[in-house]
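Remember, predicted model here, so these are calculated numbers, not experimental data.
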Amino acid sequence: MQKIEILKALSDAKVVAVIRGSSPEEATEISKGAITGGIRAIEITYTTPFVEETFKALRHSDAIIGAGTVLDVETARHAILNGAKFVVSPSYNAAIAKLCNRYSVPYLPGCMTITEMVTALEGGSDIIKLFPGNQFEPSFIKTVKGPLPNITIMPTGGVGLANMHEWLNAGAVAVGIGSDLNKAFAKDGYEGVVAQAKAYMKNLSN
């Protein structure tokens, strides 16, 4: 899958499920529930123990699978070798950007300031993760697009059913969600995740 195809898939998906599991089995179950519910982009975080097992379990999924909470270049390479189609960090890391560019893998770094965003753009990032999103209002995107009209932003953190449309209508290319899915899994297991994912997809189509 070429980089341009991955970026288009993320843009088309609109909702990226950020999956944090206490075990690879839990992360796999939550991911499969999200996919069954209609979510087409999954970000599996490296806070999940033995996360490569989850990547292996989802290798033949029809969703696009990426890696999250990638803090160093070694982890980024591990993610790519295990099949991650995109790499996400909570902050910008030039070494990770260089590695991802080398292998044509989209790198989505977390940024909060204009300076960080410009640095990430110069480093080749096509999508900037606005993180943590709950520290901003959706109107922030329009403000940023004044001096940086070419920037593409995906807010993550504090985005849910109640405000996802505000962010998308404000110009977000997609939104990162996750805590709702973990809460649904804790309460009702796999079926709870499926139901929650379907709620997001229904909300997206409204």
Side-chain angles (χ1 to χ4, degrees), residues 2-20 39-43 45-46 64 66-73 76 79 84-102 104-181 200-201 203-206:
Q2 295 186 355
K3 184 178 182 180
I4 191 169
E5 295 173 323
I6 297 169
L7 291 168
K8 185 178 186 306
L10 289 171
S11 178
D12 290 345
K14 297 300 180 193
V15 174
V16 179
V18 182
I19 308 299
R20 298 184 185 278
I39 293 177
R40 299 269 68 85
I42 305 292
E43 172 192 330
T45 70
Y46 264 76
I64 183 170
T69 320
V70 176
L71 302 179
D72 50 54
V73 69
K85 300 301 182 185
F86 60 95
V87 172
V88 186
S89 297
S91 62
Y92 177 73
N93 182 300
I96 295 175
K98 184 176 182 179
L99 177 78
C100 289
N101 287 333
R102 180 181 298 138
S104 297
V105 174
Y107 176 47
L108 288 64
C111 299
M112 292 181 70
T113 69
I114 292 290
T115 299
E116 291 172 344
M117 291 177 184
V118 170
T119 300
L121 289 173
E122 291 173 347
S125 295
D126 295 286
I127 297 177
I128 305 300
K129 181 176 79 164
L130 181 62
F131 179 80
N134 57 11
Q135 299 301 304
F136 300 89
E137 295 293 331
S139 59
F140 181 75
I141 293 180
K142 182 179 179 180
T143 302
V144 172
K145 282 182 173 287
L148 300 174
N150 58 312
I151 198 165
T152 305
I153 292 177
M154 181 183 80
T156 303
V159 181
L161 285 169
N163 64 356
M164 60 182 288
H165 274 297
E166 291 181 52
W167 282 107
L168 292 171
N169 291 337
V173 66
V175 295
I177 61 102
S179 59
D180 285 355
L181 300 178
Y200 271 97
M201 293 300 97
N203 196 22
L204 185 63
S205 63
N206 290 337

_ring-ring contact (aromatic ring centres under 6.0 Å, His included) pairs, two or more places apart, involving residues 135-157_ =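 Matches after skipping sequence neighbours: Phe136-Phe140.
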*Can you tell if the side chain of Val175 reaches within under 4.5 Å of the side chain of Val15, non-hydrogen atoms only?*
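Sidechains of Val15 and Val175: in contact.
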*Rounded to the nearest 0.5 Å, how far apart are OG of Ser125 and CE of Met117?*
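One gets 11.5 Å once the value is rounded to the nearest 0.5 Å.
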*Quick one: which residue pairs count as a salt bridge (charged side-chain N to carboxylate O under 4.0 Å, His left out) with a foot in residues 112-122, not counting sequence neighbours?*
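Pairs touching residues 112-122 that pass the test: none.
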*Among residues two or more places apart or on two chains, list those pairs meeting salt bridge (charged side-chain N to carboxylate O under 4.0 Å, His left out) that have a residue in residues 128-151.*
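Applying salt bridge (charged side-chain N to carboxylate O under 4.0 Å, His left out) to every pair that reaches into residues 128-151, excluding sequence neighbours, yields nothing.
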Least distance between heavy atoms, [X] atom then [Y] atom:
| X | Y | answer |
| --- | --- | --- |
| Glu43 | Thr69 | OE2-N, 4.2 Å |
| Ala41 | Leu10 | CB-CD2, 4.0 Å |
| Val105 | Ala84 | CG1-O, 4.4 Å |
| Ile64 | Ala9 | CD1-CB, 4.1 Å |

Show me the donor-acceptor pairs within less than 3.5 Å that the side chains of residues 146-171 make with the rest of the protein, sequence neighbours left out.
{"unit_1": "Asn163", "atom_1": "OD1", "unit_2": "Gly160", "atom_2": "N", "d": "2.8"}
{"unit_1": "Asn163", "atom_1": "ND2", "unit_2": "Gly158", "atom_2": "O", "d": "3.1"}
{"unit_1": "His165", "atom_1": "NE2", "unit_2": "Asn203", "atom_2": "O", "d": "2.4"}
{"unit_1": "Asn169", "atom_1": "ND2", "unit_2": "His165", "atom_2": "O", "d": "3.1"}

Can you sort out the partners of [X] under salt bridge (Lys or Arg N to Asp or Glu O under 4.0 Å), two or more places apart, ordered by chain and number?
| X | answer |
| --- | --- |
| Asp12 | Lys8 |
| Asp126 | Lys3 |
| Arg40 | Asp62 |

*So, the side chain of Gln135 versus the backbone of Pro132: is there a donor-acceptor pair under 3.5 Å, distance only?*
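Not confirmed, Gln135 side chain does not pair with Pro132 backbone.
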*asked:* Among residues at least two apart in sequence or on other chains, which ones pass side-chain contact (heavy atoms from CB on, under 4.5 Å) with Asp72?
replied: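 Here the qualifying residues are Glu74, Thr75.
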_For Ser11, give me all partners under side-chain contact (heavy atoms from CB on, under 4.5 Å), at least two apart in sequence or on another chain._
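In terms of side-chain contact (heavy atoms from CB on, under 4.5 Å), with neighbours along the sequence ignored, Ser11 is linked to Lys14, Val173.
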Residues 86-101, side-chain donor-acceptor partners within the protein, below 3.5 Å, at least two apart:
{"unit_1": "Ser89", "atom_1": "OG", "unit_2": "Val70", "atom_2": "O", "d": "2.6"}
{"unit_1": "Ser89", "atom_1": "OG", "unit_2": "Tyr107", "atom_2": "OH", "d": "3.2"}
{"unit_1": "Asn93", "atom_1": "OD1", "unit_2": "Ala95", "atom_2": "N", "d": "3.0"}
{"unit_1": "Asn93", "atom_1": "OD1", "unit_2": "Ile96", "atom_2": "N", "d": "3.0"}
{"unit_1": "Asn101", "atom_1": "ND2", "unit_2": "Ala97", "atom_2": "O", "d": "3.1"}
{"unit_1": "Asn101", "atom_1": "ND2", "unit_2": "Gly123", "atom_2": "O", "d": "2.8"}

